[in-house]
Amino acid sequence: MMIRIHRWILTLLLEMAVLATPGLAFQNVPVSIVGSSCRSHHPLQRSSGICSSLYAAQQQEQSKSTEGTTTSGSTDSPTDSSNGQEEGEEADVKNLRVPQVHLPPRLAPGVAWQHHHRATVQLVRDHTSGINKQQQPTPQLEVSAEATDEEADAQGNPVGRFLSNIGRSSPLVSASPEWKRLQQHAKYIQSTHLRDLLQDTERCQEMYATHDGVYLDYSRQRADLETMRLLFELAEKQNLKQQIEAMFDGEKINFTEERAVLHTALRADRSKIGTVMVDGVDAVQEVHEVLDQIQEFTQGVRSGAIRGYTGKRLRNIVSVGIGGSYLGPEFLHEVLKTEPEGSNAALGYSLRFLANVDPVDVERTCADLDPEETMIVIVSKTFTTAETMLNARTMRQWLWDFMGNDKEVVRKHFVACASVSATDKVRDFGIDTENRFFRFWDWVGGRYSVCSAAGAVPLSLLYGFDLFEKFLQGARSMDEHFRSAPMEKNIPILMGLLGVWNMSFLGYNTRTTLPYAEALLKLPAHIQQLDMESNGKSMTKFGIPVDYPVGEIDFGEPGTNGQHSFYQLLHMGQTVACDFIGFVQSQQDLCLDDEKLSSHDELMANFFAQPDALATGKTAEQVRSEGVKDELIPHKVFEGNRPSISFLLPKLTAYATGQLLSMYEHRTATQGFIWDINSFDQWGVELGKKLAIDIRNKFLKARNEQKEERRAEEEDIVEADNPATERILNYYVKNSAEESGEARGFGRGSSGEATSSSRKSQREHVPPERNDLCGKNGKLSR
Ligand code: F6P
């Protein structure tokens, strides 16, 4: 209640101040007070809720300013555009002088409120103190999270100072002259065609970059050298290089979770020990301690020195984890499967991933495995994720069912990769925390964790530690390039800036990853999580809603499979920005005696053809000249002008995969830095998780009532917040009663308790016979 009153007073004060100040309010850029009580229907402001009176004025003024822009100069040619641009710049500077008062909406109680409160106070402070926010990417306020508005006032009277300084510019990057110049330039680019841009020799010679064998060609972007210059200016304005440094240095740039973002430390060279400290702890030293531990343990397993409960060699690895604790390791596993060094090292071993809580996934994972030869790797940063923990308990039960209910079974067959803060939970599960716990740290985000124990343990068990190290080296090479190369030749920065250009200025909100390498089949899924969980945001780090599009939709498939699936849309439907990834040499070259070209050449012919087809298209004249009937011509025209970038790497090795991983991680970070969003938190996944727990509890209650037959069969037994949910829940609960565990009379395992498995199929399961490799260190000679 107090909170609501304070907000109401603050809103009123601001509104009154703005309205009472002639010349300040509503000149060109709107004054908007954002709060949950005011709901807007404007698409760009939907989440912010601008008060209707202010919003009307804003619309009026915006339409005036748009009229001004359209008549200010022609954008038909580059020369005209630059004239128009100067005029536009003047107008922009004027725009920047008018006040924009955005306050973050108040969200749910608890943590969200604390973040809202901090963001609000920080915002007001920035407005009043003139601090350049960009140089302080980690707002660390002394204001306690529980501080009331009065306390906040007492700590600097922010509202009063805010009102007296109301003429300051908006912290939104979209209000900057650099952003507005790009908007203006985008109008010119819209009038160009890639067919023509690709004929410009100077442009094509400039629009590529290389590093350590990675070749990036971005000449098929809807951009020219001027676009790049303006994007670099925007990057300067956003202190991109400083933000990158802050990340590498371990500053707590993930400010909503008060965490550093140090996945780069996971692959830092040993020589960097002592250079990155987090809360007084040497991050690189910690990393190398764990890597050494992983090396020793995995070599022990692979040599046969470490064995299972019954003395058998451990050859099957089941990695249990979801999201970032699964997608990155699986993507790397798929690469190494067919990489010659990898496939040789993995002979005699198997690795499977159990991610989904669907019991079918359990069956698919271990139906044909011998439990006595199976090692379970639980990968979970928090060690609380519901899906992972149920699957972990299921696998524990599976082992107990075969080898008996002995704690030693768990100590010998389970390892954990989790955050140090989850140590107690790992111990409670029964895992040997002295020898079988491989830690990582809060400063490793789940989706950035493939280089940590999360990837290192399962992949080193299968392929050996040496090969995993090559992957780390590749990532390190790209990290160093990202940190030190000038922006103009910096591959991840170029990727990120072009991502911002396509999304925020040209309006292409979908992007696809198209590896021309079957072994990269899981890269698109990894990028999907990496980028969509990172940049799928709508709030800037100032706690103000973005008023520009951010966060692309990512999808993808290996070529040429995609060509026979969704490429129709890429060529003739909506415009989707494409990333083509190809290799000079194949992992597995193949050339039939009577074929003139190798299979890899056939694949790569497609890799080179598709970007040009998308860029240049095919005109009606060209179609006509092929003798196509007039009525069919419109159906066969390709408008072209569809942007893509192409990467060419020498060969898909562990090292190259490390480079690719790092490149994409840093693209995501670059875009987040430019957009002023926090790419390292993921609050958006919380609400669904919370509701699932509520529904799970409803199921529990309903199942008990069903068991005790306390309710008539036709009666609704589940109550929900709305009739639609209530109806469908009751439909499910009634119709699935027969299938539930209680109905079948199976026991239910709970943490630490040994009960019989509820999986019917395992009761009759006979482990398959396996050949022993006779102590050849798990390797077969070539
Ligand atoms: O669903 C979101 C998420 O938190 C991811 O970010 C994370 O990778 C995944 O869940 C798994 O989390 P954990 O590693 O803690 O089990």
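Read the numbers this way: they start at 1 and go in the same order the structure lists the ligands and their atoms. Values in this document were obtained by computation on a predicted structure and should not be read as measured data. We use all heavy atoms of the structure for the numbers below, so side chains are in, but hydrogens, waters and symmetry mates are not. Numbers here are sequence positions counted from 1.
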Q. Where the closest heavy atom to atom 13 (P) of ligand 1 is concerned, which of T385, D681, V379 has it?
A.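 The residue whose heavy atom sits nearest atom 13 (P) of ligand 1 is T385.
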Check whether the side chains of [X] and [Y] place a donor and an acceptor atom closer than 3.5 Å, and report yes or no.
{"X": "N535", "Y": "E552", "answer": "no"}
{"X": "S350", "Y": "R315", "answer": "no"}
{"X": "N697", "Y": "D694", "answer": "no"}

Q. Just distances here: any N/O of S325 and N/O of ligand 1 closer than 3.5 Å?
A.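 Such a contact does occur with ligand 1.
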Q: Please indicate whether any nitrogen or oxygen in G324 is less than 3.5 Å from any nitrogen or oxygen in ligand 1.
A: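 By distance alone, the answer is yes.
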Q: Grab the two heavy atoms, one from A702 and one from V718, that are nearest each other, plus how far apart they are.
A: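 In terms of heavy atoms, the two residues are closest at CB-CG2, 4.0 Å.
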Q.
Less than 4.0 angstrom from a charged side-chain N to a carboxylate O is my criterion; do K541 and D681 meet it?
A.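 Salt bridge: no.
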Q) Can F248 and E480 be said to form a side chain to side chain contact (heavy atoms under 4.5 Å, CB included), step by step? A) CA-CA 10 Å; F248 275 88; E480 283 164 5; over 6 Å; no
In ligand 1, which numbered atoms sit nearer than 4.0 Å to a non-hydrogen atom of [X]?
{"X": "T382", "value": "13 (P), 15 (O), 16 (O)"}
{"X": "I322", "value": "9 (C), 11 (C)"}
{"X": "G446", "value": "8 (O)"}

Q. Please state which protein non-hydrogen atom is closest to atom 10 (O) of ligand 1 and give its distance, to 0.1 Å?
A.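 Among all protein heavy atoms, the one nearest atom 10 (O) of ligand 1 is K689 NZ, 4.4 Å.
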(Q) Just to confirm my output: which protein heavy-atom neighbour is closest to atom 6 (O) of ligand 1, and how far is it? (A)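 That would be E533 OE2, 2.5 Å.
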